Amino acid sequence: MASGDDSPIFEDDESPPYSLEKMTDLVAVWEVALSDEVHKIEFEHGTTSGKRVVYVDGKEVIRKEWMFKLVGKETFYVGAAKTKATINIDAVGGFAYEYTLEINGKSLKKYMENRSKTTNTWVLHLDSEDFRVVLEKDTLDVWCNGKKMETAGEFVDDGTETHFNIGNHDCYIKAVSSGKRKEGIIHSLIVDNREIPETVE
């Protein structure tokens, strides 16, 4: 190879087995179950370049290059309801960092504990397809595979029924009193007159 010519570094014109663009500084991955779906949040933190990148469901939502302050926060929104999420970056001595995710101002753990009290989730298989149905108990909104469903409420002898359809399947969520103050109201999903067991997320 003559000096000064434009020949590639690699004689056979092949790329190296890795690409610098494909190298990531991925430091944290979280899965967050919201009413519309389970979202995957990924965070890249380049401690030498100062880079910060946030991905939600594989889509880049924040990119900052050359951040000289390596600690701090990145705030963004997740899902159809635009739920607020914040990644906290804290130094834990030397060049080590801790990354924590907050949802609506609460730690992910606290948020999920609270969510299990305010929602019910069912996963079912109909017509060769998987469906995730979520009831938000505080608003009585029903979500199915990321879409807020049109519902019709009805009072019945022993409680209420919230009716909706998945394809051509008749569905309803039945709410009845447990008769016990601590347990409160029990919600059951009925699809085509068959009760679907609740899923714990």
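Everything numeric here is computed off the predicted structure, so don't read it as measured data.
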Student: After noting the C-alpha distance and the side-chain angles of L26 and E42, does the key distance pass the side chain to side chain contact (heavy atoms under 4.5 Å, CB included) rule?
Tutor: CA-CA 7 Å; L26 189 66; E42 298 170 286; 3.8 Å; yes

Student: So do V71 and D90 actually touch side chain to side chain, heavy atoms under 4.5 Å?
Tutor: no

Student: Flag the pair E198 / H187 as yes when at least one side-chain heavy-atom distance between them is below 4.5 Å, and no otherwise.
Tutor: no

Student: Output the distance between atom OG1 (T83) and atom CD1 (I103), rounded to the nearest 0.5 Å.
Tutor: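 Going from the OG1 atom of T83 to the CD1 atom of I103 covers 7.5 Å.
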
Student: Go through the side-chain N and O atoms of T75 and T86 and say whether any donor and acceptor fall under 3.5 Å apart.
Tutor: yes

Student: Is D141 paired with K148 through a side-chain N to carboxylate O contact shorter than 4.0 Å?
Tutor: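 Judged by the 4.0 Å cut-off on N to carboxylate O distance, K148 and D141 do form a salt bridge.
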
Student: Below 4.0 angstrom, N of the basic side chain to O of the carboxylate: do K106 and E113 qualify?
Tutor: no

Student: Are the side chain of R115 and the backbone of A33 linked by a donor-acceptor contact shorter than 3.5 Å?
Tutor: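 Yes.
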
Student: Show your working on side chain to side chain contact (heavy atoms under 4.5 Å, CB included) between V176 and I185 and close with a plain yes or no.
Tutor: CA-CA 6 Å; V176 296; I185 296 172; over 6 Å; no

Student: Once you round to the nearest 0.5 Å, how far does NZ of K64 lie from CZ of R52?
Tutor: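 Spacing of NZ (K64) from CZ (R52) equals 6.5 Å.
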
Student: Taking atom types as modelled and ignoring hydrogens, do the side chains of Y111 and E102 form a donor-acceptor contact shorter than 3.5 angstrom?
Tutor: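 Side-chain D/A pair, Y111 to E102: absent.
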
Student: Under 3.5 Å, is there a donor-acceptor pair between the side chain of S178 and the main chain of G184?
Tutor: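 Here the side-chain-to-backbone pair exists.
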
Student: What's the spacing between I190 CD1 and I173 CD1 if we round to 0.5 Å?
Tutor: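 Between I190 CD1 and I173 CD1, I get 9.5 Å after rounding to 0.5 Å.
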
Student: In terms of hydrophobic clusters joined by side-chain contacts under 4.5 Å, are M112 and L101 together?
Tutor: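 Result: yes, single cluster for both.
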
Student: Do the side chains of V32 and L108 get nearer than 4.5 Å, heavy atoms only?
Tutor: yes

Student: Any side-chain heavy atom of Y97 within less than 4.5 Å of one from V92?
Tutor: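 With C-beta onward as the side chain, the pair stays apart.
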
Student: In the structure I gave you, are the side-chain heavy atoms of E195 and L189 within less than 4.5 Å of one another anywhere?
Tutor: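 They are not in contact (no side-chain heavy atoms under 4.5 Å apart), so the answer is no.
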
Student: For side chain to side chain contact (heavy atoms under 4.5 Å, CB included), just list the numbers for K137 and N120, CA-CA rounded to whole Å, side-chain angles, deciding distance to a tenth of an Å, and then say yes or no.
Tutor: CA-CA 8 Å; K137 294 184 213 177; N120 288 84; 2.6 Å; yes

Student: Under 4.5 Å between side-chain heavy atoms, hopping through other hydrophobics if needed: is there a path connecting W122 to I186?
Tutor: no

Student: Can you give me the closest heavy-atom contact between G46 and L70, atom names plus distance?
Tutor: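 G46 and L70 have their closest heavy atoms at O-CD2, 4.2 Å.
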
Student: Could you state whether W30 and V61 fall into the same hydrophobic cluster, counting links through intermediate Ile, Leu, Val, Met, Phe, Trp or Tyr residues with side-chain heavy atoms under 4.5 angstrom apart?
Tutor: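 Linked within one cluster.
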
Student: Using modelled atom types only, decide if a donor and an acceptor are shared between the side chain of T199 and the backbone of V123 within a distance under 3.5 Å.
Tutor: yes

Student: Between atom CD of E150 and atom CG of N165, what is the distance when rounded to the nearest 0.5 Å?
Tutor: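 Going from the CD atom of E150 to the CG atom of N165 covers 11.0 Å.
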
Student: Quick one: CG on L126 to CD1 on I196, what's the gap to the nearest 0.5 Å?
Tutor: 7.0 Å

Student: Would you confirm whether D36, through its side chain, and A80, through its main-chain N or O, come within 3.5 Å as a donor-acceptor pair?
Tutor: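 A pair under 3.5 Å: yes.
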
Student: Counting C-beta onward and ignoring hydrogens, is there a side-chain heavy-atom pair between I41 and F76 closer than 4.5 Å?
Tutor: yes

Student: Do the side-chain N and O atoms of E31 and H39 include a donor-acceptor pair separated by under 3.5 angstrom?
Tutor: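 No, no side-chain donor-acceptor contact under 3.5 Å.
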
Student: Is the shortest heavy-atom distance from the side chain of L124 to the side chain of V133 under 4.5 Å?
Tutor: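 Yes, side chains in contact.
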
Student: May I have the step-by-step check of salt bridge (Lys or Arg N to Asp or Glu O under 4.0 Å) for E161 and K174, ending in yes or no?
Tutor: CA-CA 4 Å; E161 294 178 355; K174 187 170 183 82; 3.5 Å; yes

Student: Do the non-hydrogen side-chain atoms of V56 and Y77 ever get within less than 4.5 Å of each other?
Tutor: no

Student: For E37 and N145, test the side chains for any donor-to-acceptor distance below 3.5 angstrom and give the result as yes or no.
Tutor: no

Student: Indicate whether the side chain of H45 and that of D25 have a donor and an acceptor atom separated by less than 3.5 Å.
Tutor: no

Student: Would you say the ring centroid of Y99 lies under 6.0 angstrom from that of F43?
Tutor: yes

Student: Test side-chain hydrogen bond (donor to acceptor under 3.5 Å, both in side chains) on E44 and Y55; report intermediate values, then the result.
Tutor: CA-CA 9 Å; E44 291 184 24; Y55 299 93; 3.2 Å; yes

Student: For H125 and F131, I'd like to know if the aromatic rings sit close, meaning centre-to-centre distance below 6.0 Å.
Tutor: no

Student: For the NZ atom of K84 and the CG atom of N104, what is their distance to the nearest 0.5 Å?
Tutor: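 Spacing of NZ (K84) from CG (N104) equals 8.5 Å.
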
Student: Before accepting this row, confirm whether a basic side-chain N of the pair K51/E65 lies closer than 4.0 Å to the acidic partner's carboxylate O.
Tutor: no

Student: H169 and V191: which non-hydrogen atoms are nearest, and at how many Å?
Tutor: CB-CG1, 4.3 Å

Student: Mind running side chain to side chain contact (heavy atoms under 4.5 Å, CB included) on D170 and F164 for me, showing each step along the way?
Tutor: CA-CA 7 Å; D170 293 325; F164 59 99; over 6 Å; no

Student: Flag yes if V53 and V27 sit in one hydrophobic cluster, no otherwise; membership is Ile, Leu, Val, Met, Phe, Trp, Tyr, and two members link when side-chain heavy atoms are under 4.5 Å apart.
Tutor: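 No, separate clusters.
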
Student: For residues E136 and S35, is any side-chain donor paired with an opposing acceptor at under 3.5 Å?
Tutor: yes

